[in-house]
2 protein chains.
Amino acid sequence: MMPLSDNTSPAPKRPKGELARERLKSAAIALLDRVGYHQLRVKDITAEAGVAAGLFHHYYNGLDALIDEILEDHLAAFEATEQIERDVSKGDWFSRLRSHYRVAVQAHAAHPGIMRCIDQFCVDDPAFRARWQASYNRRLKLLAAVFPYVFPNSDLNEHEVNLVVHALSGIGQEVLRTRYIERNADLLALGLSEDELAEWLAALFYRGLFACNPPRRVLNHADRILSLKR
Amino acid sequence: MMPLSDNTSPAPKRPKGELARERLKSAAIALLDRVGYHQLRVKDITAEAGVAAGLFHHYYNGLDALIDEILEDHLAAFEATEQIERDVSKGDWFSRLRSHYRVAVQAHAAHPGIMRCIDQFCVDDPAFRARWQASYNRRLKLLAAVFPYVFPNSDLNEHEVNLVVHALSGIGQEVLRTRYIERNADLLALGLSEDELAEWLAALFYRGLFACNPPRRVLNHADRILSLKR
DNA sequence: ATTATTATTGAATTTGGATTCAATATCAAT
DNA sequence: ATTGATATTGAATCCAAATTCAATAATAAT
């Protein structure tokens with residue numbers, strides 16, 4: 001399971017080859033929505049792509065190289081939308097959270113297989129694990145960094161802030177995993193749109209962060225959560 | 001990856017055999033703290049146990065059968081402590097949460113490898129996945145069931161309550177995973193004892209649940225979290 | 001002490017799948 | 001039309017690891 005980083009996956013030299021290579025990648029992505037990373041077989045991918053088994057190794061150095069490339073693409077996409085978010089997030093805190101969760105919900109809805117694969121691949125490939133955790137932690141630190149401004153009277157030290165941020169991030173992680181990967185019946189039964197779910201998650205995060213409900217006026221869908229208080 | 005449930009793993013008929021079988025199980029548990037379930041090899045287990053490779057199949061029908069047995073043991077242990085919890089939890093809400101998290105923290109601290117393995121094995125073995133999810137969901141429903149009493153004025157329907165409960169459960173999940181499985185440097189640097197971490201998690205859960213801080217008097221360690229408010 | 005049962009060994013076999021590669025087809029350039 | 005480069009095929013090969021099993025050792029029963 002040696003981490004091959006970008007390595008020497010042979011590149012196609014003609015449009016036709018380019019196409020075949022893409023077809024293999026798409027086939028793998030499609031399959032990941034149906035089976036886990038450890039169930040994935042080279043033969044299944046080539047079958048799904050409609051090419052001979054041997055062609056796979058003409059374009060990829062092995063399953064891990066392909067997976068790594070797929071996940072790397074998505075990691076790059078995340079980082080890109082994160083940039084966008086910074087602009088969006090000039091607004092109030094609740095809007096920032098909501099727009100953040102919109103992106104996260106969309107990612108899970110569009111590619112549940114890839115999101116699941118990230119977790120699985122992290123266990124096996126130390127190099128990818130390092131990159132993914134670094135990316136995730138960096139995003140959390142972004143939030144942790146503004147704590148002193150949001151809570152000028154806070155007594156928490158840096159590490160405690162990190163604990164809080166990690167904890168709150170679990171709210172979205174768990175719901176998205178349960179809803180889109182596990183496809184839990186209860187959460188499916190809610191029938192929430194992606195925007196609605198994003199708002200609920202933002203509201204729940206907000207409560208954990210500020211120990212109070214978000215103001216009613218910012219809520220479009222999840223205002224019933226306001227009734228949850230002592 | 002056929003789920004063999006308990007199946008026909010041959011039972012030893014003498015104390016000596018019983019011992020060898022246990023040694024194999026312990027060896028596997030020890031290894032799981034070091035490597036992931038998919039890295040686990042029969043040969044490694046027999047080596048760790050100090051027996052010949054062939055003996056493994058004398059006592060187990062394959063790796064999955066052993067893993068299934070190990071996880072089943074722990075699942076049973078969880079369910080048992082849950083019973084105890086109900087007695088402990090006659091107190092106030094915060095104490096209930098804290099004693100719940102004490103058990104969860106202890107489980108992760110004592111057997112990080114097994115906790116990680118649960119997630120991985122769930123992906124591969126549908127039968128175990130069903131049992132684990134059922135067990136997890138049942139515990140969440142226990143909490144959801146008391147919502148009407150805790151929040152008599154709540155407008156949330158049953159599914160929405162489930163969403164909230166799932167979301168809040170993510171707080172502990174993510175922190176425990178990050179602290180004990182990923183061994184995240186920031187969380188390790190906190191140097192919290194198991195009881196202290198349990199209290200922090202309880203406090204964070206409490207904030208998400210009630211949209212307010214827990215009363216100062218119930219906090220022994222995590223009282224600095226009270227300074228997090230607007 | 002002999003016999004039957006269970007435990008243990010490790011080399012041989014099987015298995016599931018990745019990987020290679022020689023042969024063939026397609027394409028672009030001249 | 002010929003040539004050289006790239007693309008594609010699928011059967012043959014390889015490989016790591018699980019699994020089997022005949023042989024041997026330990027133990028219990030008589």
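A note on names: the letters A, B, ... follow the listed sequences, proteins ahead of strands, and every chain is numbered from 1.
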Test of understanding: with side chain to side chain contact (heavy atoms under 4.5 Å, CB included), list the residues that count as partners of [X], not counting sequence neighbours.
X	result
Val123(B)	Gln39(A), Gln120(A)
Asp119(B)	none
Ala167(B)	Ile171(A), Val175(A), Leu204(A)

Exercise. What residues in residues 12-26 of chain B put a non-hydrogen atom under 4.0 Å from any atom of DNA chain C?
Worked result: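 Within this stretch, Pro12(B), Lys13(B), Arg14(B), Lys16(B), Gly17(B), Ala20(B) sit under 4.0 Å of the strand.
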Problem set entry | Sequence-distant partners of Asp73(B), side chain to side chain donor-acceptor pair (under 3.5 Å), two or more places apart |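 Lys25(B).
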Exercise. Considering residues at least two apart in sequence or located in another chain, which fulfil the side chain to side chain donor-acceptor pair (under 3.5 Å) criterion with Ser169(B)?
Worked result: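 Ser169(B) satisfies side chain to side chain donor-acceptor pair (under 3.5 Å) with Tyr136(B) once adjacent residues are dropped.
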Taking [atom1] from [X] and [atom2] from [N], how many angstroms apart are they, rounded to a whole number?
X	N	atom1	atom2	answer
Asp64(A)	dA18(C)	CG	C1'	12 Å
Phe56(B)	dA11(C)	CZ	C1'	19 Å
His58(A)	dA23(C)	NE2	C1'	14 Å

Please tabulate, one pair per line, all N/O donor-acceptor pairs under 3.5 Å involving side-chain atoms of residues 194-202 of chain A, not counting sequence neighbours.
| unit_1 | atom_1 | unit_2 | atom_2 | d |
| --- | --- | --- | --- | --- |
| Asp195(A) | OD1 | Arg102(A) | NE | 3.2 |
| Glu196(A) | OE1 | Ser193(A) | N | 2.8 |
| Glu196(A) | OE1 | Ser193(A) | OG | 3.4 |
| Glu199(A) | OE1 | Arg98(A) | NH1 | 2.8 |
| Glu199(A) | OE1 | Asn220(A) | N | 3.1 |
| Glu199(A) | OE2 | Asn220(A) | N | 2.8 |
| Glu199(A) | OE2 | His221(A) | N | 2.7 |
| Glu199(A) | OE2 | Ala222(A) | N | 2.8 |

Pairs under 3.5 angstrom only: tabulate donor-acceptor contacts from the side chains of residues 26-35 of chain A to other protein residues two or more places apart or in another chain.
| unit_1 | atom_1 | unit_2 | atom_2 | d |
| --- | --- | --- | --- | --- |
| Ser26(A) | OG | Glu22(A) | O | 2.9 |
| Asp33(A) | OD1 | Gly113(A) | N | 2.6 |
| Arg34(A) | NH2 | Glu48(A) | OE1 | 3.2 |
| Arg34(A) | NH2 | Glu48(A) | OE2 | 3.0 |

Exercise. Want to settle it: does Gly62(B) or Val51(A) sit nearer the 5' end of DNA chain D, counting the closest nucleotide to each?
Worked result: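 The residue closer to the strand's 5' end, by nearest nucleotide, is Val51(A).
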Problem set entry | Ion pair check, Arg138(A) and Glu79(A), cut-off under 4.0 Å |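 Looking at Glu79(A) together with Arg138(A), the answer is yes, because their closest N to O distance falls below 4.0 Å.
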Problem set entry | Touch class at under 4.0 angstrom, heavy-atom based, for Tyr60(A) against every strand present |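 Here Tyr60(A) touches no strand at all.
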Exercise. Nucleotide range of DNA chain D contacted by chain A, 5' to 3', under 4.0 Å to a heavy atom?
Worked result: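 Reading along DNA chain D, I get dA5(D) to dG10(D).
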For this session: Select from Leu55(A) and Leu55(B) the residue whose nearest nucleotide in DNA chain C is closer to the 5' end of that strand.
Result: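 Checking each residue's closest nucleotide, the 5'-ward one belongs to Leu55(B).
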For this session: With the side chain of Arg41(A) defined as its heavy atoms from C-beta on, choose the nearest nucleotide among dT20(C), dG17(C), dA7(C).
Result: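 When the side chain of Arg41(A) is considered, dG17(C) is the closest of dT20(C), dG17(C), dA7(C).
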